Amino acid sequence: MNLLIKGGTIVTPAESYKADVWVNNGIIAAIGKDLEISADKVVDAAGKLVLPGAIDVHTHMAMPFGGTVSADSYLSGTRAAACGGVTTIFDYPVQRKGETIMGLVNSKKEVLEKEACVDYAFHCCITDLNGGEILDEMELAVEAGITSYKCFLVYKKEKMMVDDATLVKLLIRAKELGALINVHAENPDIIDLNIAKFLKEGKTSAWYHYLSRPEFVEAEADKRAVHWAKNFDAALYIVHMADKEGLEACIEAKKQGHEIYVETCPQYLEFTSDVYKRKDGRNFVCSPPMKGQESQDALWNALKTGFIDTIATDHCPFQSYEKDWGKDDFTKIPNGCAGVENMYPYMLDAANRGRISFEKVVEVCAANPARIFGCDNKGSITIGKDADIVIYDREMDVTVSVKNMHSNYDHTIWEGKKLHGYPVQTYLRGSLIYDNGEFVGKPGTGKYIKRSAKK
Ligand code: URP
Ligand code: ZN
Ligand code: ZN
C-alpha cells in the first residue's frame with residue numbers, strides 16, 4: 001500500500017516548503033517537488049500544511065486516581081488523540097510497592113494491543129524501589145524500550161511520592177543507563193499545611209486549591225529537583241511546568257550547560273488561576289494548578305525563546321459528577337483535565353494567529369518529544385521516518401465542544417474555545433485514522449514504540 005500526498009507545504013522545525021510526500025509501507029519513502037511516482041491513493045494537499053503527527057508525552061488513560069479512574073480508556077483516549085493529530089501517546093503507569101516495572105508495563109500493553117488507535121510508549125512512575133530491585137530491573141526495562149521514569153515529589157498521602165534520596169538514586173541509575181527521569185514538582189508538606197489551615201477556616205472553594213499550591217510551592221520543588229540534577233550531573237525532565245520562578249531556575253541551569261528539559265501544557269498557556277474563581281472552577285482543578293498572569297507570560301516567552309522543550313497535555317479527565325464531589329470541599333475534587341485532542345489544534349491556532357511559528361509548534365509537539373524520549377522513527381516529515389502525518393487546513397474554523405470531541409468525558413475545560421485552522425486528516429504509519437471530524441481508524445492498530453536510550 002502506498003500513498004502520495006501532493007502539493008502541500010511541509011513544516012519542519014527548520015523551515016516550511018512546498019513538496020510532495022510519497023509513503024510506502026507506512027514509511028516516508030520520498031519527498032520532492034512534483035513527484036511522478038504511481039500510488040494506490042493520491043491526497044490533494046494543495047493549500048494545506050503537511051505536519052508530523054504530534055507526540056503527546058504526558059497522558060493518564062484509565063488511571064486510578066483521586067478515588068476513581070480517569071474517564072478515558074486507552075481506546076477512547078487514543079481515539080481522541082488521533083482526532084487531534086496526535087499519532088503517539090506516552091502513558092504513565094504507576095508502579096506500586098512490590099510491583100516490577102515489566103510486570104506493570106506488560107499488563108498495560110495487553111490492554112493497549114487491543115485498544116490503541118495510535119502508537120504508544122510508557123514512562124513508568126516509580127513509587128517504591130522495592131529494596132533496590134527496581135534499580136536493577138531498570139537495565140532490563142531500558143533494553144525493552146522503557147527509557148524514562150517518573151518521580152512524584154508530591155502525592156504523599158496517595159503513597160505515590162518519592163523522597164529526595166530515592167529521586168537521587170534514580171537520577172544516578174538513569175544516567176548510567178542512558179535513561180531520563182521526569183519529575184512532578186510540588187512541595188507536599190506545605191500543600192498539606194495550607195489545606196489544613198483553609199479547611200479550618202471554612203475556605204473550601206476551588207480557589208483554595210490554587211492558594212494551597214501557589215507559585216512558590218511548585219517553585220521550591222522545581223528548584224530542588226534541578227539542584228539534585230545539577231549536583232549529581234544527571235539529566236532531568238520537569239513535567240507540566242506552570243510557574244515563573246521554577247522556570248527561571250531551569251533556564252539558568254540550561255544556560256550553565258546542564259541537561260534540563262522543560263515541558264508545559266496548553267492549559268497553563270491558556271488559563272490563569274482566575275478560573276478557580278468561576279462557579280465551575282472545580283472542573284479546572286489539576287495539579288499543579290493554573291498560575292497567575294506573570295507565570296503565563298513567562299511560559300509564552302520561554303516557548304518563543306527556546307527554553308520550553310516540549311508541549312504535552314497531562315490528559316487526565318474526570319466526569320462532572322466526580323468533579324462535583326468537591327463542590328463544597330476542594331480536596332475532594334479529582335485532579336486532572338482533558339487535553340489530548342486539543343493540544344495540537346490549540347498550538348497550531350497560536351501559530352495561525354502569528355503568536356508563534358508553525359516551525360516552533362512542530363518542534364515542541366513532535367520533533368523534540370521524539371528526540372528527547374528516543375522515538376527514533378517518529379517526529380518529523382523526513383525520508384525513512386514513520387508516515388505519521390497530519391494535513392492541516394489554515395482556513396477551517398472550529399469551536400471546541402464536548403459534542404465534537406472523541407473522548408469519554410462529559411465536559412471539557414476547552415468548551416467554547418474558537419480555533420482558527422484545524423487538522424483535517426491524520427495518518428498513522430500511512431493509514432488514514434481521522435478524516436474531517438470522524439475517527440476512521442481501528443482500535444488495536446496502534447503499536448508499542450520501543451524507545452532507544454542515550455548512547
Ligand atoms: O492533576 C493532574 N495533573 N492529574 C494527573 C496526575 C499528575 O499529577 O500528573
Ligand atoms: Zn503530575
Ligand atoms: Zn500527569
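Atoms within a ligand are numbered from 1 in the order they appear, just like the ligands themselves. Predicted model, so just to flag it, every value in this text is computed and none were measured. Side chains included, hydrogens not; waters and symmetry mates left out as well; all remaining heavy atoms used.
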Checking only N/O/S atoms, does H58 have one that is under 2.8 Å from the Zn ion (ligand 2)?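 False for H58.
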Where's the contact between [X] and ligand 1, heavy-atom distance under 4.0 Å: side chain, backbone, both or neither?
X    : result
C316 : side chain
D314 : side chain
H209 : neither

Heteroatom N/O/S of C316 within less than 2.8 Å of the Zn ion (ligand 3): no
For D314, what is the atom name of its N, O or S atom nearest to the Zn ion (ligand 3)?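 This turns out to be OD1.
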Could you tell me which N, O or S atom of H60 is nearest to the Zn ion (ligand 3)?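 Looking only at N, O and S atoms of H60, the one nearest the Zn ion (ligand 3) is named NE2.
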Heavy-atom pair with the smallest gap, counting every atom of N404 and E341: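 The pair with the smallest heavy-atom distance is O-OE2, 4.0 Å.
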Might you point out which heavy atoms bring A179 and K454 nearest each other, and give the distance in Å? O-NZ, 4.1 Å
Atom name of the N, O or S atom of H184 nearest to the Zn ion (ligand 2) is ND1
For ligand 1, which atoms sit closer than 4.0 Å to a heavy atom of S287?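 Answer for ligand 1: 1 (O), 2 (C), 3 (N), 8 (O).
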Nearest non-hydrogen contact with atom 7 (C) of ligand 1 belongs to which option: Y155, F65, Y92? Y155
